[in-house]
**Student:** 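Pasting a structure below so you can have a look.
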Amino acid sequence: MTDIDVSAPGIGADPSRRRYELEETGFKEVPKKWRKFYRHWGGPLDTLAPNEVICPVCKVVIRATRELRPGDKVYCMPCMSRMVVVVAESGRLEAEVIF
Amino acid sequence: MTQFLAQYSIQRWMEMCPQGYLEDTVYGHEPNEHEPAVILDDDDEREAAIRTTVGLVVGERCALAASSGLINAAPDYPSKRFLATQTLDEARHVEVFTQRLFDLGVTADNLESTIDRYANPNLVKFAEVLLEKVAAGDFLAGVVGQNIVLEGLAFSVFEMLEAGNREFNPKFAHTLSGTIADERRHVGFGENRIGSLIAQHPEKKAEIERMQQEMTYYMLAVFADSFRGDDNKPKSAPEPTASAEWHGTNLSTASPEEMEAVLANTVLGEFKTRLARVGIEYQTPRVPA
Ligand SMILES: [Fe+2]
Ligand SMILES: [Fe+2]
Ligand SMILES: [Zn+2]
């Protein structure tokens, strides 16, 4: 497995971004090494942190080690989708799939 | 084109699935889990559970036939390899939901007759539309039909069922959550593989939208049955055929608007979004002649 799997956490280098310590939250659908980068989505009432975005394809929450910004590329290992972070009409960060 | 599959291998599938979230499970649930007594001890509840589970077995048998059939239609090896793992996932889904029927008291001798008795005729028709494309070796239509239409919908339904059973029936909820985890890969393959392919073959769009329209009609009819509570309500008579009068509504003549209303903004909304992402415009189904 290569770095491409962890493109979301890899955003990390920018020091102006807030850092997040990630811990496993019980998401077991990927090999152990990557489990902390994902969590189950709790539905519409689940508030996302600034380092989190929902995969629109499989509804898993993708978590990065730094806050996310528009233009960031993220990878969803559970469904293998690559996406780019965008600002939605609501002002929230969302992910758009790159085919 | 299949760059998204570059990270996918049978090795990865083993690490995620049999050696990952399925490790130590028995037919998809924890070894010490059982169906709750409130289902097993009540004939009506048990029958309702059998009816729901038959629907899952019928859907999964269709997915097994479609994913295995699409292996030889796939134009590239990464897709063939992916579909080989999906084939095993689907065979497992057929197995775990069939096992649930046995756990609910269906005997091996009565399995097929039980499935025939409780299978929703609209679900059977829905499957036939898809399997026709697969039999014709049409990869593009087959993947849209299976991995976007069938599985996009199954995904939403499984999530709803899982949430509803988490407290009440952890055994069934666990079986569902392993299935949902598999389903994430399947919908991911559908959208990622097809998103670029549709753009390259715009001439196929009209035909695919027609298939979607037809599948959606039957799907809405199935949902209409369940959302009206008919699938959940215990009853001793088998379900009526599509042409029968049903609680004041004839399913073969009900307007799609009537059926869609049942599902507005829930499963259907999600389904339209999925189709739109790969460049397919949702077509409201017509009442079949
Ligand atoms: Fe399945
Ligand atoms: Fe599937
Ligand atoms: Zn995903």
Side-chain angles (χ1 to χ4, degrees), chain A residues 1-10 24-46 52-63 73-86 88-90 92-99, chain B residues 1-9 11-17 19-25 78 82 147-148 151-152 155-156 158-160 162-163 166 174 177-178 180-200 265-266 270 273-274 276-279:
Chain A
M1 290 170 217
T2 66
D3 289 348
I4 206 155
D5 290 330
V6 287
S7 54
E24 276 190 40
T25 58
F27 187 85
K28 293 193 180 142
E29 297 183 20
V30 294
K32 189 141 183 54
K33 190 175 162 188
W34 288 282
R35 287 181 185 170
K36 64 181 178 184
F37 297 120
Y38 303 96
R39 70 169 175 85
H40 287 286
W41 183 47
L45 297 177
D46 183 341
E52 295 182 328
V53 70
I54 295 175
C55 169
V57 176
C58 76
K59 309 292 172 194
V60 156
V61 177
I62 303 168
R63 309 160 78 215
K73 301 264 173 55
V74 295
Y75 178 63
C76 180
M77 189 184 284
C79 77
M80 305 170 294
S81 298
R82 269 157 230 283
M83 49 211 104
V84 60
V85 176
V86 295
E89 272 173 34
S90 62
R92 271 192 350 173
L93 290 184
E94 277 182 10
E96 231 169 50
V97 187
I98 309 165
F99 294 129
Chain B
M1 200 202 302
T2 46
Q3 203 206 337
F4 82 99
L5 281 179
Q7 299 299 309
Y8 191 76
S9 56
Q11 177 61 34
R12 167 65 60 85
W13 173 81
M14 291 203 301
E15 288 167 16
M16 287 173 80
C17 185
Q19 297 163 5
Y21 54 86
L22 292 181
E23 198 170 30
D24 300 326
T25 58
F82 176 84
N147 295 59
I148 298 179
E151 309 203 281
F155 188 75
S156 304
F158 287 160
E159 290 220 303
M160 280 173 10
E162 193 273 334
R166 219 174 281 162
H174 284 145
S177 60
I180 290 167
D182 295 338
E183 231 46 76
R184 292 193 216 283
R185 291 190 297 279
H186 306 168
V187 294
F189 176 79
E191 292 201 21
N192 287 284
R193 187 69 186 89
I194 290 308
S196 56
L197 220 48
I198 290 273
Q200 286 163 19
N265 299 324
T266 54
E270 177 62 36
T273 313
R274 261 181 214 288
R277 267 204 299 271
V278 296

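Residue numbers begin at 1 in each chain, while the letters A, B, ... track the order of the sequences. Just the heavy atoms: all of them, side chains too, but no hydrogens, waters or symmetry mates, feed the values below.
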**Student:** For a quick test of reading the model, state the closest non-hydrogen atom pair linking B:V278 to A:F99 and the distance between them.
**Tutor:**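 Closest heavy-atom pair between B:V278 and A:F99: CG1-CZ, 4.0 Å.
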**Student:** Which bit of B:R277 is near chain A, if near means a heavy-atom gap under 4.5 Å: side chain, backbone, both or neither?
**Tutor:**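 Both backbone and side chain.
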**Student:** At what distance, to the nearest 0.5 angstrom, does SG of A:C58 lie from CD of B:E183?
**Tutor:**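 Between atom SG of A:C58 and atom CD of B:E183 there are 11.5 Å.
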**Student:** If you look at every heavy atom in B:F155 and A:K59, which pair is closest and at what distance?
**Tutor:**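 For B:F155 and A:K59, the tightest heavy-atom pair comes out as CE2-CG, 3.9 Å.
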**Student:** Do B:E23 and A:K28 touch side chain to side chain, with heavy atoms closer than 4.5 Å?
**Tutor:**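 The answer is no; the side chains never approach within 4.5 Å.
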**Student:** Please flag which part of A:V57 lies under 4.5 Å from any non-hydrogen atom of chain B: side chain, backbone, both or neither.
**Tutor:**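 Answer is both: backbone and side chain atoms of A:V57 are under 4.5 Å from chain B.
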**Student:** So do B:M16 and A:P31 actually touch side chain to side chain, heavy atoms under 4.5 Å?
**Tutor:**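 Yes, their side chains come closer than 4.5 Å.
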**Student:** Identify which of A:H40, A:M80, A:K32 forms the greatest number of heavy-atom pairs closer than 4.5 Å to chain B.
**Tutor:**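 Of A:H40, A:M80, A:K32, A:M80 has the most heavy-atom pairs under 4.5 Å with chain B.
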**Student:** Testing the basics here: between B:N192 and A:I98, what is the closest heavy-atom pair and its distance to 0.1 Å?
**Tutor:**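 Looking at all heavy atoms of both residues, the shortest contact is OD1-O, 4.2 Å.
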**Student:** Can A:E29 and B:R184 be counted as an ion pair, charged N to O under 4.0 angstrom?
**Tutor:**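 Yes.
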**Student:** Does any part of the side chain of A:S81, heavy atoms only, come nearer than 4.5 Å to the side chain of B:E191, both counted from C-beta?
**Tutor:**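 They are not in side-chain contact.
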